[in-house]
Amino acid sequence: MGDRIFIGVAWPYADGPLHLGHIAGAYLPSDIFARYHRTKGNEVLMVSGSDQHGTPITIKAEQEGKKPEEIANQYHQQFLDSWQKLGISFDLFTSTGTANHAEVSHDFFLTLFNRGYIYKATVSQPFCPHCQRFLTDRYIEGTCPYCYSSGARGDQCDKCGKPISPVELIDPHCQLCATTPQFKDSEHFFFRLSAFRDRLLVWMKRQTHWRQNVLNFTMRYVEEGLKDRAITRDIGWGIPVPLDGFKGKCLYVWFEAVIGYLSATKEWAKSSRDEGKWRSFWQGNEAKSYYFIGKDNIIFHTIIWPAMLMGYDSLNLPYDIPANEFLTIEGKKLSTSRHWAVWLPDYLSRYEPDPLRYLLSITMPETGDTDFSWHEFVRRNNDELVATYGNLVHRVLTFVYRSFEGCVPMPREFDSRSQAVIDVAKDTLNTVDKLLYRCHFREALRSAMSLAQETNRYLEEKSPWKAIKQDRQASANSLYVAICVISCLKTMLYPFLPFSSQKLHEYLGFEGRVEDDGWQLHFPLPGQKLLPPEPLFSKLDEGLIEEEVSRLGHVKHNL
RNA sequence: CGCGGGGUGGAGCAGUGGAAGCUCGUUGGGCUCAUAACCCAAAGGUCGUUGGUUCGAAUCCAACCCCCGCUACCA
């Protein structure tokens, strides 16, 4: 019954806390999407996990005198805590450190290897004589051979966006100590990406539903030509190459981490005691797979992962990759080392989750970068969330609770105006449905908010607080209508504001979870007992703006 | 220099050929159920500049001006 929706979300790197950029870019939109589909009655599987391997974690571990797994586990636990508090509803949030993931990665590697899509080659690798280690791509810097800008890294030039390999770099040096590296021969494995060019092109041209920026970026990339890429590194912290004679070499993260989508599904299936269940999300025509990522991750999900899947064969390709752009903070680019970021655990220690979810949804960087500012946070909370929606709910519920013995009033008949409002509610529910289906989150939320405004207008016209003095039934009628619309709002806002929707659900006298009632206008029964209403949201003091802004830039985070 | 992203009423933004929109703010009025919240009305824009294409341009083309990013970490 219904569709089957696989939702893969970018794997956060476990070497530091999450910040608002992560949330706006991938985790919030995926969660909205997942909650929406679950409410629609579709079968959803939303997975991700912490990315625990790679050089940055080993270096951080060395600095702090810990083992890499300690660092990784510490942040993994923190991620889990953040998901729970912010309401990011993963069906499974695992990590790349599991035996299962290693097993699935090995299978993937060996399958591609046996089919000739992975081959061995000896390459000259940069080795820093001072640090006594091979330098992985991102630890070597130099001048880009294409655009001649300095500061290009060994895997990619941030200036022109071209992928490069360390040997191509002009004037290379170790990023840690600036020593010029020596190049030593080392045997590595390469993924034959070039072999997939034509198939990828054919496939992509059919993806007309992709976001324009995702499609353009990807097409340009493929047309420029795809080069085979090394998928192993001389590093001890990771998933070992599953062949004899390659001690000290591991799978490179970009190859390994994306396999996590599959391994997480298999882990989920195992833990639900139906090992074969993973197939229902990866094979056949019944499931669609969506990947929520930031724009920096596009090619890995639109080119490399699809090519890997083509090579592996018999697994579904992505259906959509609604990549978001970036979030700036107070008008400036986010920077973790300069502490120019809003850390999620920090936010959650002081504020409620729904106001943040509201702000990031209504300003989601879907088509371009957007800015987060504390001033906007307070304004949108106070003047929109509280004033328009929260107040609507509160004025209706408190009045009904007081005037109708705490029960849903009994309506007699709807006049045309009342019927029209009900119709608008249903239309809006339908509009939000369509917008969410297409991952237009901002627009969907705007539509929902406009229904709250329309309902405030309706109330003003009906003025049940006046009517009750002469015509109690007229008052009951309009209040019943208002309650119905509020019930409808609770459903369409649930993907965005799950905590307050659930509260409202209960205030209205419903039991169970919002999600279980489906994507429909759920009419409360006349006489249904209401819970004593409390405001759904609170106004925020404008003083916090200055306080929070002053934390930026020079506050050390111990997170 | 170059590359990328932008310049739309006070603020933040939507709007890729056909009568300038949204949210907030401001001003005036209404209401008093509600978290001084809600509702109505009004003011406020030569859509960065100049030229071009077109019956018609914020929307397409060209040139120019201005802003932001392009420093490791960073979605």
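Protein chains get the first letters and strands the later ones, always in sequence-line order, with residue 1 at the start of each. Below, each value reflects all heavy atoms present in this structure, side chains not excepted, and no hydrogens, waters or symmetry copies.
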* Structure fact -> The nucleotide from B:G69, B:U35, B:C33 with an atom nearest the side chain of A:Phe399 is B:C33
* Asked: Is any side-chain N of the basic residue among A:Asp31 and A:Arg357 closer than 4.0 Å to the acidic one's carboxylate O?
  -> yes
* Asked: Counting only distance, no hydrogens or angles, is the base of B:C74 paired donor-acceptor with the side chain of A:Thr336 under 3.5 Å?
  -> no
* For the pair A:Lys66 and A:Glu64, find out whether any cationic side-chain nitrogen is under 4.0 Å from an anionic carboxylate oxygen. => yes
* Structure fact -> When rounded to whole Å, the CG to C1' distance for the pair A:Asp371 and B:A11 reads 12 Å
* Asked: So, is A:Lys539 close to the B:A37 phosphate, meaning a side-chain N or O under 4.0 Å from OP1 or OP2?
  -> yes
* For B:U59 and B:C47, measure between their P atoms and round to the nearest Å. => 9 Å
* Asked: Got a second to check how far A:Ser335's OG is from A:Ile329's CD1, nearest 0.5 Å?
  -> 11.0 Å
* Considering only atom C1', compute the distance from B:A37 to B:G25 and round it to an integer number of Å. => 16 Å
* To do: Write down the distance between CG (A:Asp541) and C1' (B:A36), rounded to a whole number of angstrom.
  => 15 Å
* Span that lies between the C1' atom of B:A58 and that of B:G7, in whole angstrom -> 12 Å
* To do: Could you check whether A:Leu392 gets within reach of a base, just the sugar-phosphate, or nothing at all, counting any heavy atom under 4.0 Å?
  => nothing
Using a cutoff of under 3.5 Å, can you pull out all pairs of nitrogen or oxygen atoms linking the protein to nucleotides 26-29 of chain B, with atom names and distances?
none

* **Under-4.0 Å salt bridge between A:Glu548 and A:Arg350** => yes
* Cation-pi between A:Lys295 and A:Phe326: NZ/CZ under 6.0 Å from ring centre and within 45° of the ring axis? -> yes
* Starting from Watson-Crick (N1-N3 plus N6-O4 or O6-N4) and G-U wobble pairs under 3.5 Å, report the runs of at least three that RNA chain B belongs to. => B:2-7 with B:65-70, B:10-13 with B:21-24, B:26-30 with B:38-42, B:48-52 with B:60-64
* Measure from the side chain of A:Ser335, starting at C-beta and using heavy atoms only, and say which of B:C73, B:U32, B:U35 lies closest. => B:C73
* Looking only at atom P, what distance separates B:G45 and B:C70, rounded to whole Å? -> 36 Å
* To do: Could you check which of B:C38, B:U35, B:U32 has an atom nearest any side-chain atom of A:His394?
  => B:U35
* Which value, in whole Å, describes the distance between the C1' atoms of nucleotides B:U46 and B:U50? -> 14 Å
* Structure fact -> Here the distance between atom P of B:C68 and atom NZ of A:Lys333, to the nearest Å, is 15 Å
* **5' precedence on RNA chain B between A:Thr363 and A:Pro535 (nearest-nucleotide basis)** => A:Thr363
* NA contact type, A:Ala387, heavy-atom cut-off 4.0 Å: base, sugar-phosphate, or nothing? -> sugar-phosphate
* Asked: Which nucleotide in the set B:C38, B:C31, B:U35 lies at the smallest distance from any side-chain heavy atom of A:Val386?
  -> B:U35
* So what does A:Gly21 hit on the nucleic acid, given a heavy-atom distance under 4.0 Å: a base, only sugar-phosphate, or nothing? -> base
* Electrostatic pair A:Glu454:A:Arg417 at N-O distance under 4.0 angstrom -> yes
* Within 45° of the axis and under 6.0 Å from the centre of the six-membered ring of A:Trp340, does NZ or CZ of A:Lys333 qualify? -> no
* With distance as the sole criterion, is a donor-acceptor pair present between the side chains of A:Ser50 and A:His76 under 3.5 Å? -> yes
* Asked: Has the side chain of A:Glu325 got a donor or acceptor atom sitting under 3.5 Å from an opposite partner on the base of B:G5?
  -> no
* To do: For B:G9 and B:A20, measure between their P atoms and round to the nearest Å.
  => 16 Å
* Nearest 0.5 Å please: distance from the OG atom of A:Ser30 over to the CD1 atom of A:Ile293. => 11.5 Å
* Give a yes/no verdict on a cation-pi contact between A:Arg233 and A:Tyr252, requiring under 6.0 Å between NZ or CZ and the six-membered ring centre and an angle within 45° of the axis. => yes
* Which residue, A:Lys332 or A:Leu536, contacts RNA chain B at a nucleotide closer to its 5' end, judged by nearest heavy atom? -> A:Leu536
* Rounded to whole angstroms, how far apart are NZ on A:Lys295 and P on B:G4? -> 13 Å
* Rounded off to whole Å, could you give me the NE2-to-C1' distance for the A:His440 and B:A14 pair? => 13 Å
* Rounded distance [0.5 Å steps], CZ in A:Arg412 versus CG in A:Asp415 -> 14.0 Å
* To do: In whole angstrom, give me the gap between the C1' atoms of B:C33 and B:A41.
  => 23 Å
* How close or far is atom C1' of B:U35 from atom OH of A:Tyr389, stated in whole angstroms? -> 15 Å
* Strictly by modelled atom types, are A:His53 and A:Glu256 linked by a side-chain donor-acceptor pair under 3.5 Å? -> yes
* To the nearest angstrom, how far is A:Ile57 atom CD1 from B:C73 atom P? -> 15 Å
* Asked: Quick one: is the NZ or CZ of A:Arg229 closer than 6.0 Å to the six-membered ring centre of A:Phe255, and within 45° of its axis?
  -> no
* To do: Answer with base, sugar-phosphate or nothing: what part of the nucleic acid does A:Gly294 contact at a heavy-atom distance below 4.0 Å?
  => sugar-phosphate
* Asked: Looking only at side chains, do A:Arg211 and A:Asn324 share a donor and an acceptor under 3.5 Å apart?
  -> yes
* Are A:Tyr261 and A:Trp305 linked by a side-chain donor-acceptor pair shorter than 3.5 Å? -> no
* Structure fact -> Of the candidates B:C73, B:G12, B:C38, the side chain of A:Glu376 sits closest to B:G12
* To do: Identify whether any heavy atom of A:His375 sits under 4.0 Å from a base atom; if not, whether one sits that close to sugar-phosphate; answer base, sugar-phosphate or nothing.
  => nothing
* Quickly work out the A:Glu460 CD to B:C39 C1' distance and round it to whole Å. => 4 Å
* **Spacing of the C1' atoms in B:C31 and B:C39 (rounded, Å)** => 7 Å
* Side-chain N or O of A:Arg338 closer than 4.0 Å to phosphate OP1/OP2 of B:C74 -> no
For nucleotides 20-24 of chain B, which of its nitrogen or oxygen atoms have a protein nitrogen or oxygen under 3.5 Å away, and what is each distance?
{"from": "B:U23", "atom 1": "O2'", "to": "A:Glu384", "atom 2": "OE2", "distance (Å)": "2.4"}
{"from": "B:C24", "atom 1": "O4'", "to": "A:Arg379", "atom 2": "NH1", "distance (Å)": "3.1"}
{"from": "B:C24", "atom 1": "O2'", "to": "A:Arg379", "atom 2": "NH1", "distance (Å)": "3.3"}

